[in-house]
Amino acid sequence: MRHVGGARRGLDMWLLQRASAIYMAVFLLVFLMCFLGAGPIDFATWHGLFAPLAMKVGALLFVAALLAHAWIGLREIFIDYVHFLVPRLALYLAFGAIYLGCLVWAVDILWSVK
């Protein structure tokens with residue numbers, strides 16, 4: 001079955017937002033179990049939670065899923081409420097830069113944990 005370009009893109013965005021929400025929910029449950037099982041939380045324990053590569057990758061995927069989820073939501077808000085193209089593109093650029101900065105910052109934070 002063929003889809004019109006816009007309809008297919010809308011379905012892709014919808015699926016990506018649902019998939020990111022599911023990943024975030026599962027990751028938060030797993031992280032909560034690790035957190036509660038770690039005992040008293042001090043800096044060393046907190047630092048140790050993020051030391052394994054699997055936790056670093058999982059947390060980075062969480063941040064990426066969160067940013068993708070937020071981007072799709074903001075995109076819909078901008079499409080619905082910012083009717084002129086130039087301000088909408090400026091908002092896309094501004095939030096895209098902010099989100100990219102957040103992703104780079106998350107990589108820096110997660111991989112600075114030795």
Cys102 versus Leu67: any side-chain heavy-atom pair under 4.5 Å? yes
Between side-chain atoms of residues 82-92 and protein atoms elsewhere (two or more places apart, or another chain), which donor-acceptor pairs fall under 3.5 Å?
unit_1 : atom_1 : unit_2 : atom_2 : d
Arg88  : NE     : Val82  : O      : 3.0
Arg88  : NH2    : Val82  : O      : 3.0

Would you be so kind as to tabulate the donor-acceptor pairs closer than 3.5 Å made by side chains of residues 22-32, with sequence neighbours excluded?
unit_1 : atom_1 : unit_2 : atom_2 : d
Tyr23  : OH     : Gly58  : O      : 2.9

Establish whether Leu36 and Met55 are linked, either directly or via other cluster members, by ILVMFWY side-chain heavy-atom contacts under 4.5 Å. yes
Please name the pair of heavy atoms, one in Ser20 and one in Ala65, separated by the smallest distance, quoted to 0.1 Å. CB-O, 3.5 Å
Ser112 versus Ile109, closest heavy-atom pair with distance: OG-O, 2.8 Å
Do Ile79 and Trp71 sit in the same hydrophobic cluster, where Ile, Leu, Val, Met, Phe, Trp and Tyr count as joined when their side-chain heavy atoms come under 4.5 Å apart? yes
Restricting to non-hydrogen atoms, name the atom on Cys34 and the atom on Leu49 that form the minimum distance, rounded to 0.1 Å. O-CD2, 3.9 Å
Under 4.5 Å between side-chain heavy atoms, hopping through other hydrophobics if needed: is there a path connecting Val63 to Leu53? yes
To the nearest 0.5 Å, atom CG of Asp80 lies from atom CD1 of Ile77 at 8.0 Å
Measure up the Trp46 and Phe35 rings against each other and bin them: parallel (under 30°), tilted (30 to 60°), perpendicular (over 60°). perpendicular
Here the pair of heavy atoms bringing Ala21 nearest to His69 is CB-CE1, 3.8 Å
Please check if Leu66 and Leu100 belong to a single hydrophobic cluster, counting links between Ile, Leu, Val, Met, Phe, Trp and Tyr side chain heavy atoms closer than 4.5 Å. no
Under 4.5 Å between side-chain heavy atoms, counting indirect links through other Ile/Leu/Val/Met/Phe/Trp/Tyr residues: same cluster for Leu93 and Phe78 or not? no
Hits for side-chain contact (heavy atoms from CB on, under 4.5 Å) against Ile72, two or more places apart or cross-chain, chain-then-number order -> Met13, Leu16, Gln17
